[in-house]
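Notes to accompany the following structure.
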Amino acid sequence: MRALSQTVLDERTAPPSLHLPDYPRTSPPGVLHLGLGAFHRAHQAVVFDGLLTSGDTRWGVLGVAMRSTELADTLARQDGLYTLQIASAEGRRWQLVGSVLDTCVAAREPERVTAAIAAPATRWITLTVTEKAYGPALAAQLVAGLAARHAAGLGGLTIASCDNLSGNGSKLRQLCVDAAAAQSTVLAQWIEGSCAFPDSMVDRIVPAATAQHRADAARETGLDDACALGTEAFWEWVIERHFVDPADGAALAAMGVQVVEDVKPFEEAKLRMLNGSHTAIALMGAVMGLPTVADCVANADIRWFVKHLMTDIVMPQLQRPGLPAYRDALLARFANPDLHHKVHQIASDSSLKIPLRWLPTLQTRLAAGADVEPLAFAAAVWMRYLLAEDDQGRPYAISDPAGERLQAIARQHRGDAPGTVAALLQQPTIWGEALAADPRWTSRVGFWLERVQALGVGAALAQFKAGHASQA
Ligand code: CS2
């Protein structure tokens with residue numbers, strides 16, 4: 001079978017059902033993306049593909065993988081091209097995305113990243129480096145490039161974090177300015193004054209690419225694409241109107257990006273509704289032995305739980321307009337049978353996700369004396385999840401920077417619900433300082449952990465639901 005490459009584009013030999021990029025892929029990249037992975041390729045890269053299609057040649061991407069070489073190198077062999085399968089209730093579509101012009105690996109070629117940040121054609125940096133990467137190493141990498149750019153007398157960049165953090169742009173700005181200030185006040189001031197770090201909310205469910213995507217792409221297109229991946233039709237990108245070049249706002253808006261003054265209502269709704277539910281679903285599914293999110297929401301009790309969590313616990317604190325429709329759309333997205341979104345993928349790094357996804361709701365509601373029961377149940381399931389074996393006794397791996405430590409704590413207190421709760425809530429980076437000492441919270445987590453241990457997650461959940469029905 002023919003391998004996907006630029007030659008396929010030049011010769012226009014792909015089947016007519018496949019939407020092909022029809023712009024020259026020869027201009028120097030205007031965007032440097034850090035964190036080349038499935039999400040970027042199914043989200044920002046598609047928006048940039050649209051901009052390139054519109055004739056604006058400034059949005060080609062240099063895709064930088066932070067450490068792992070496989071995707072970057074395989075993609076480079078295909079001239080950056082890949083097939084995206086878009087699956088929704090209306091059927092499946094295929095798109096060949098052409099915006100990634102080149103790739104490299106930051107850990108292997110750090111000087112290339114520095115040079116790209118300082119390249120005259122570069123206008124934007126986008127980032128999907130995950131929650132755990134917002135630290136000194138990332139700041140050092142960006143600041144090295146920005147220092148070179150400043151030294152070359154070039155203008156500043158728009159640097160858009162696209163990670164699921166609250167206030168992602170402001171966080172990144174602070175990180176860079178602090179790191180620069182340790183080197184030079186002038187540089188720190190230049191970054192603050194000349195670069196723009198818009199906050200943004202990004203959304204599209206993009207499971208890790210699998211061999212199935214490659215096989216599906218081959219069947220559909222007749223081309224061998226080792227980088228094929230799949231996603232849903234839904235996508236959102238809401239970005240703060242804060243760019244080095246103000247005209248970029250209109251360009252992005254023309255592609256369907258929402259350019260707004262304040263991202264907060266969108267970001268809060270997305271993190272707490274979608275990601276908060278995702279984390280709860282993933283932990284329940286992992287312990288119940290349900291492989292994918294769609295398998296989980298096909299379970300009537302889990303579906304009921306997620307709807308209850310969103311409607312009665314999370315939504316009252318949110319400002320985004322149209323929340324009931326947003327919730328219903330989310331439930332339909334979770335049920336998408338084509339996505340095969342693995343619960344263990346979402347459960348990874350939970351120790352970093354919980355504080356962003358559950359804690360704001362929890363803290364606000366506890367302060368108001370409001371019901372937090374579903375979150376107590378979810379927290380108990382997280383503690384049970386840390387034992388690294390499901391309710392049928394099948395082991396699984398926990399992928400989390402704090403995983404080993406947390407797993408050791410969970411195992412040490414195995415069978416002792418109050419002991420487990422006391423030890424695992426005593427983790428201020430996950431739960432904050434106050435919760436471990438709040439009996440309204442600790443007693444409810446303890447109650448549900450005891451139920452989960454005695455009955456298994458599925459039966460404990462059924463009991464939760466029955467108890468709620470009798471209260472309601
Ligand atoms: C998921 C997200 O893996 C996870 O933690 O919750 O990747 C989620 O699919 C995206 O944020 C959807 O936009």
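Quick caveat, the model's predicted, so the values are computed rather than measured.
Using a 3.5 Å distance cut-off with no hydrogens or angles, the side chains of K353 and N164 do not pair a donor with an acceptor. Between the side chains of H33 and T126, at least one donor-acceptor pair of N or O atoms lies under 3.5 Å. Side-chain atoms of T158 and D245 form no donor-acceptor pair, as typed in the model, at a separation below 3.5 Å.
Within the 3.5 Å criterion, the main-chain N or O of A196 finds no donor-acceptor partner in the side chain of R173. A donor-acceptor pair under 3.5 Å is absent between the side-chain atoms of D163 and the main chain of L165, judged by distance alone. Within the 3.5 Å criterion, the main-chain N or O of Q345 finds a donor-acceptor partner in the side chain of S348. Between the side chain of R25 and the backbone N or O of V100, at least one donor-acceptor pair lies under 3.5 Å. In terms of modelled atom types and a separation under 3.5 Å, the side chain of Y385 and the main chain of A286 share no donor-acceptor contact. Between the side chain of D338 and the backbone N or O of A87 there is no donor-acceptor pair closer than 3.5 Å. With hydrogens and angles disregarded, no donor-acceptor distance shorter than 3.5 Å links the side chain of T122 to the backbone of A118. Side-chain N or O atoms of T128 include one that pairs as donor or acceptor with a backbone N or O of G35 at under 3.5 Å. The backbone N or O of V105 sits less than 3.5 Å from a side-chain atom of E109, completing a donor-acceptor pair. Side-chain atoms of H40 never come within 3.5 Å of backbone atoms of G37 as a donor-acceptor pair (strictly under, hydrogens ignored).
A ring pair (Phe, Tyr, Trp, His ring centres under 6.0 Å) check over residues 148-179, counting only residues at least two apart or in different chains, returns the pairs H150-W190. The ring pair (Phe, Tyr, Trp, His ring centres under 6.0 Å) pairs that include a residue from residues 115-142 are W59-W124, W124-F243, where partners are two or more places apart or lie in different chains.
For R365, the CZ atom counts as densely surrounded, since its 6.0 Å shell holds more than 12 non-hydrogen atoms of other residues, nucleotides or ligands. Surrounding CD of Q183 are more than 12 heavy atoms belonging to other residues, nucleotides or ligands, all under 6.0 Å away. Annotation: E404, atom CD; neighbour count of heavy atoms from other residues, nucleotides and ligands within 6.0 Å does not exceed 12. Other residues, nucleotides and ligands contribute at most 12 non-hydrogen atoms within 6.0 Å of the CD atom of Q319.
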Quiz: residues 369-380 side-chain donor-acceptor pairs under 3.5 angstrom, not counting sequence neighbours:
from : atom 1 : to   : atom 2 : distance (Å)
D371 : OD1    : E373 : N      : 2.8
E373 : OE1    : R444 : NE     : 3.1
E373 : OE2    : R444 : NE     : 2.9
E373 : OE2    : R444 : NH2    : 2.6
E373 : OE2    : W448 : NE1    : 2.9

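Contact record, A116 with L62: CB-CD2, 3.6 Å, taken as the closest heavy-atom pair. Between L366 and L435, the shortest heavy-atom distance links the atoms CD1-CD2, 3.2 Å. In plain terms, the two heavy atoms of A402 and S351 that are nearest each other are CB-OG, 3.9 Å. I239 and S200 get closest at one heavy-atom pair: CG1-CB, 3.8 Å. Scanning all heavy atoms of the two residues, the minimum distance from C296 to G285 falls at SG-CA, 3.5 Å. Listed here is the closest heavy atom pair of F266 and Q258: CE2-OE1, 4.0 Å.
Side-chain contact between M255 and W237: absent, with no pair of heavy atoms (C-beta onward) separated by less than 4.5 Å. Using a 4.5 Å cut-off on side-chain heavy atoms (C-beta onward), R149 and L157 make contact. Proximity of I430 to W382: side-chain heavy atoms (C-beta onward) are separated by under 4.5 Å at one or more points. Annotation: side chain of C162 is not in contact with side chain of H43 (no heavy-atom distance under 4.5 Å). The shortest side-chain heavy-atom distance between R272 and Q317 falls under the 4.5 Å cut-off. Side-chain contact between C195 and L146 is present, with at least one heavy-atom pair separated by less than 4.5 Å. Using a 4.5 Å heavy-atom cutoff, the side chains of L138 and L34 are in contact. The side-chain heavy atoms of L461 and K465, taken from C-beta on, include no pair separated by under 4.5 Å.
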Full working for side-chain contact (heavy atoms from CB on, under 4.5 Å) between N168 and V263
CA-CA 10 Å; N168 51 10; V263 174; over 6 Å; no

Run the numbers on M284 and N299 for side-chain contact (heavy atoms from CB on, under 4.5 Å), then give the verdict.
CA-CA 11 Å; M284 289 192 276; N299 172 306; over 6 Å; no

Might you work through the salt bridge (charged side-chain N to carboxylate O under 4.0 Å, His left out) test for E236 and R333, ending with a clear yes or no?
CA-CA 13 Å; E236 272 190 342; R333 293 170 64 197; over 6 Å; no

Please evaluate residues D262 and K264 with respect to the criterion salt bridge (charged side-chain N to carboxylate O under 4.0 Å, His left out), reporting the C-alpha separation (whole Å), side-chain torsions for both, the decisive distance (0.1 Å), and the verdict.
CA-CA 6 Å; D262 184 10; K264 197 126 213 98; over 6 Å; no

Could you walk me through whether V238 and K270 satisfy the side-chain contact (heavy atoms from CB on, under 4.5 Å) test, starting with their C-alpha distance in whole Å, then the side-chain angles of each, then the deciding distance to 0.1 Å, before giving a yes or no?
CA-CA 11 Å; V238 183; K270 196 261 172 171; over 6 Å; no

Could you walk me through whether I205 and F234 pass the side-chain contact (heavy atoms from CB on, under 4.5 Å) check?
CA-CA 8 Å; I205 295 177; F234 181 97; over 6 Å; no

Does H341 form a ring-ring contact (aromatic ring centres under 6.0 Å, His included) with F334? I'd like the steps, not just the answer.
CA-CA 9 Å; H341 199 187; F334 292 157; 8.9 Å; no

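Under the 30°/60° scheme for interplanar angles, the aromatic rings of W431 and W441 are found to be tilted.
Interatomic distance, CD1 of I398 versus OG of S350, reported as 9.0 Å (0.5 Å rounding). T292 contributes atom OG1, which lies 9.0 Å from atom CD1 of I346 (distance to the nearest 0.5 angstrom). Rounding to the nearest 0.5 Å gives a distance of 9.0 Å between CG of D400 and CZ of R405. Here the CG atom belonging to L318 is positioned 10.5 Å from the CG atom belonging to L271, to the nearest 0.5 angstrom. One distance of note links CD1 of I125 with OG of S161; it measures 11.5 Å at 0.5 Å rounding. Interatomic distance, L331 CG to T311 OG1, rounded to the nearest 0.5 Å: 8.0 Å.
Evaluated for a side chain to side chain contact (heavy atoms under 4.5 Å, CB included) with R112, the options I117, V64, D102 yield exactly one hit, D102.
A salt bridge between R123 and D248 is present, with a side-chain N of the basic residue lying under 4.0 Å from a carboxylate O of the acidic one.
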